[in-house]
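Values reported hereafter were calculated over all heavy atoms of this structure, with side chains retained and with hydrogens, waters and symmetry mates removed. Each chain gets a letter, A, B and so on, in the order its sequence line appears, and its residues count up from 1.
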Protein chains: 2
Amino acid sequence: MPFSFCTFAVMSNIKPSLAKGTRDFSPQEMVKRNYIFDTIKKVFKKYGYAEIQTPSMENLSTLTGKYGDEGDKLIFKILNSGDYLSKANANHLSAMNSNALISSISEKALRYDLTVPFARYVVMHQNDIALPFKRFQVQPVWRADRPQKGRYREFYQCDVDVVGSESLLNEAEFVLIYQEALSNLGMTDFTIKINNRKILSGIAEIIGKPELIVDMTVAIDKLDKIGFEGVTKELIERGFTEQDIDKLKPVILLQGTNEEKLSSLKQVLSASATGLKGIEEIETVFSYVAGLLSDSKLKKPDLELDITLARGLNYYTGCIYEVKTNEAAMGSIGGGGRYDDLTGMFGLKGLTGVGISFGADRIYDVMQEVNLFPESAAAGTKVLISNFDREAELYALPLLQQLREAGVAAELYPSSAKLKKQMSYADDKSIPYVVLIGSDEIQSGILTLKNMHTGEQEKLSKDAIVDLLKAQQ
Amino acid sequence: MPFSFCTFAVMSNIKPSLAKGTRDFSPQEMVKRNYIFDTIKKVFKKYGYAEIQTPSMENLSTLTGKYGDEGDKLIFKILNSGDYLSKANANHLSAMNSNALISSISEKALRYDLTVPFARYVVMHQNDIALPFKRFQVQPVWRADRPQKGRYREFYQCDVDVVGSESLLNEAEFVLIYQEALSNLGMTDFTIKINNRKILSGIAEIIGKPELIVDMTVAIDKLDKIGFEGVTKELIERGFTEQDIDKLKPVILLQGTNEEKLSSLKQVLSASATGLKGIEEIETVFSYVAGLLSDSKLKKPDLELDITLARGLNYYTGCIYEVKTNEAAMGSIGGGGRYDDLTGMFGLKGLTGVGISFGADRIYDVMQEVNLFPESAAAGTKVLISNFDREAELYALPLLQQLREAGVAAELYPSSAKLKKQMSYADDKSIPYVVLIGSDEIQSGILTLKNMHTGEQEKLSKDAIVDLLKAQQ
């Protein structure tokens, strides 16, 4: 890390700032973020998923064209190194065409999501991986979106997918992964919504507008926000007739238990083989969930069939999920679904996949709002040993090391300082215990252990202090 | 993740590849990498260090000028979004001056190391952090270096630093952090080398060439590689006389124990107050290390005073470290030192810091070569339940969930398939146990547990299987 000192002087008046839309994470925030990621990852592993990582930078050609034109614009491109202008396309340059010029001055770009890199990974490593391939991936992605509250240019995605298995057991297990991971985080009131693309196709079929399935689902997906009237208006704008809407209405406004909804849908969709297949898939998923939970201590999930759920429909081919918390006014905290032909974009056809993701930033906000982070998720240093003079410092050194060898995070205040300063250091770092060592303590071998929460002080031997703090780990 | 299907067809013939100098990490590699990071982080925490993270992207102005001209060239710059050419400097553009144009078409860049972002962090959050501030940070950095064996364009740095404390206790604790972390990783034969910038200054002083300290240290730093003759040649090229070298020789070739070296150096440097201060600092560090270890089970570190050690000397002002493994032909696996005025580049003067880093990629290579990764560092799914037909599948579901609730990573093969296929899946994923469920098993309730290592099969009840596998966690 060769800083040149001359530069220091030149730079010294620059007040540093963060790049727009990015965040630092403090120790307190990191502990909480790690708590979320660790909890979720542990569940992924129990369900047989293994972690992979892909590079932050991909070839621009790997990413371009996968996210639509709007998406392409939001990809952060990396300027080629060296004399990049020497290879710049002269026509685009003289035309000052920023967009067209990109491909000749930028070869690499930052990952926009984890899905396309995963598809690339599967294709490149197809000879090394055993199918079904169950992987999870928790890494940052970057988007040149306009930053706003809750939307950042760098944020983590937390994806879990299986490719190469058509079994609906996977779909059922994702319901349980949501249930278990969110429960383990302390959430008690959330709904796992499920739908199936084939049901939506069936509905578009029976109203005789199969070609308008995307328009239909984009509209009904907004039912929550704009109500049935709003949906009606949008459907008409998108080419549906009043008659179509009459047929759609009972389906869109379907109420009741999952069983009741399925039973109604079976009648409505009786003429659509695709629609009936979708219903059968949902029923199979429900029966797998019931089987898995038949002898389980896990709380039954609040699993709701919601036929208005669409989520970027083009992409999904079977089941679709979305998770909503009811504990805070927050949108979706997770979603996913089945997609066929994930790797087709890279020339490997016919691989089906299904996966979900967790919205870690939103989960963080909910947990913060509802106060779900446990005390232990703030655990840093457990004990600070005070340092009043050279003699006490020398006396403290072996104790310091014994504490650490017992697995206790421990610090010795690194220089002799006033009690107040050392106590305030312990407070700032939320260190729960302080060992006080004065000349009395050194003589008697009986030290003072102060509990920073209660203010209580106890007289204890070195060994007793080590044992007491070790027992609390 | 809105893929547009039309694009799939267009892209389908593109064979994907990794961006040059970057790597994918497979499940097997991730488990090993996490083992290294987790082991090291655990030690950091025990010593009272807390984790922070900074964004991957920094303002280009935050990074420029901190790493010298060569370093600046190796920083990956991010092209501005939108119509970036509209703000491009017209003069630089018409002159086709790639380098000068950068600042008008790129505002952001990828992190080049963790030190400058840490300095920025400290300055920006100076009112929120308690000094001394003990932080660690494990994140990737990016450099546009020419890729070669062992050198990547994206790699992790693993840094631990304290700012705002002059105490040499910190220096001593870093020796123990190296010792404990590397020992916990299973390394048994490594040397922690230590030196002090003030000793090097003292040596330059006593030969009457204080202004040539950088030249002197750059030359003697190469002793290992080019021998004393090579060093002599380089010193002469760098402006030293034969007489200077005569004075330097006994110092450079200093042999013996640390005590013997210190005793010789005291005589040589008796006329240099700076040199003597450096010796005193080293002695203090040694005495802290001895104090910390006086009642410890930790193996004594192989700590060696090496006055040829320099490591980017401009940067360091006090102690300097480097760790070398003797188990494999590998360079340094870690290094660091004390630097004054870390945050001066951002206008906050007078903050001293000291820190070390671990070369995680090299540690990985050593551990791989010497076979130090424990079996448990390959632990993924513990048990696969076979799936031969619908009846067995249904029977397996509650067991699958019981295993997971007991903390056992478990999978049910997601569809009925031939035994061979399921066994080969278990083999590929190194799953140590398979539960076989056939119609006999379902009738008797006594299942077959196959140990995939030994090939042995045992007949056990469901509960016994759960207990057995749970006990192995």
Side-chain angles (χ1 to χ4, degrees), chain A residues 1-4 7-8 11-12 16 19 22 24-25 27 30 45-46 48 50-51 53-55 57 59 62 65 68 76-79 81 83-85 96 98 108 115 120 130 144 154 165 167 169 291-292 294-296 312 315 344-347 380-381 397-398 401 404 409 411 414-415 425 428, chain B residues 1-4 7-8 11-12 16 19 22 24-25 27 30 45-46 48 50-51 53-55 57 59 62 65 68 76-79 81 83-85 96 98 108 115 120 130 144 154 165 167 169 291-292 294-296 312 315 344-347 380-381 397-398 401 404 409 411 414-415 425 428:
Chain A
M1 290 151 284
F3 293 130
S4 48
T7 321
F8 277 29
M11 306 294 295
S12 65
T22 68
D24 283 328
F25 295 113
M30 279 309 299
K45 287 179 196 165
K46 279 209 301 185
E51 184 167 15
Q53 286 189 347
T54 63
M57 300 187 297
N59 288 318
T62 298
F76 280 112
K77 286 90 181 175
I78 295 168
L79 194 59
S81 302
D83 188 9
Y84 58 90
L85 284 175
M96 293 291 273
S98 290
K108 290 177 292 295
T115 306
R120 178 197 54 67
E154 174 178 55
S165 167
S167 168
L169 176 61
L292 286 164
S294 60
D295 197 11
S296 157
Y315 183 69
M345 62 179 122
F346 297 120
T381 299
L397 293 174
Q401 209 51 28
R404 289 169 178 163
E411 293 181 53
S415 55
Y425 175 78
D428 284 340
Chain B
M1 287 152 282
F3 293 130
S4 49
T7 320
F8 277 30
M11 305 294 295
S12 65
T22 68
D24 284 328
F25 295 114
M30 278 310 298
K45 288 179 196 164
K46 280 208 302 184
E51 185 167 15
Q53 285 189 347
T54 63
M57 299 187 298
N59 288 319
T62 297
F76 280 112
K77 286 92 182 174
I78 295 166
L79 194 58
S81 302
D83 187 10
Y84 57 91
L85 283 175
M96 294 289 274
S98 289
K108 290 177 291 295
T115 306
R120 179 196 53 68
E154 173 177 54
S165 168
S167 168
L169 176 62
L292 286 164
S294 61
D295 197 12
S296 156
Y315 183 69
M345 62 179 123
F346 297 120
T381 299
L397 293 174
Q401 210 51 27
R404 289 169 178 163
E411 293 180 53
S415 55
Y425 176 78
D428 283 340

>> Return the OG1 to CE distance between T62(A) and M345(A), rounded to the nearest 0.5 Å.
In response: 10.0 Å
> Side chains of S296(B) and Q401(A): is there a donor and an acceptor less than 3.5 Å apart?
Replying inline: no
> How far apart are the closest heavy atoms of D295(A) and P398(B), and which atoms are they?
Replying inline: CB-CB, 3.9 Å
>> My understanding is that only residues two or more places apart in sequence, or in another chain, count here; which of them pass ring pair (Phe, Tyr, Trp, His ring centres under 6.0 Å) with Y425(A)?
In response: Y413(A)
> Given that the side chain runs from C-beta out, which part of L169(B) has a heavy atom under 4.5 Å from chain A: side chain, backbone, both or neither?
Replying inline: side chain
>> Given 3.5 Å as the limit, does a donor-acceptor pair link the side chain of K77(A) with the main chain of L79(B), or not?
In response: no
> For S81(A), is it the side chain, the backbone, both, or neither that has a heavy atom closer than 4.5 Å to a heavy atom of chain B?
Replying inline: side chain
> Most heavy-atom pairs under 4.5 angstrom with chain B, which of T54(A), D83(A), D24(A)?
Replying inline: D24(A)
> Given the options A19(B), A50(B), P55(B), A409(B), which has more heavy-atom pairs under 4.5 Å with chain A than any of the others?
Replying inline: P55(B)
>> When you measure from the side chain of K46(A) to the backbone of R404(B), do you find a donor-acceptor pair of N or O atoms at a distance under 3.5 Å?
In response: yes
> Of all of L85(B), T381(B), T22(B), which one pairs up most often with chain A through heavy atoms under 4.5 Å apart?
Replying inline: L85(B)
> Quick one: what part of K45(B) sits under 4.5 Å from any heavy atom of chain A, side chain, backbone, both or neither?
Replying inline: backbone
> Taking S167(A), A144(A), A130(A), G48(A) one by one, which has the highest count of heavy-atom pairs under 4.5 Å against chain B?
Replying inline: G48(A)
> Relative to chain A, which segment of E154(B) carries a heavy atom at a distance below 4.5 Å: side chain, backbone, both, or neither?
Replying inline: side chain
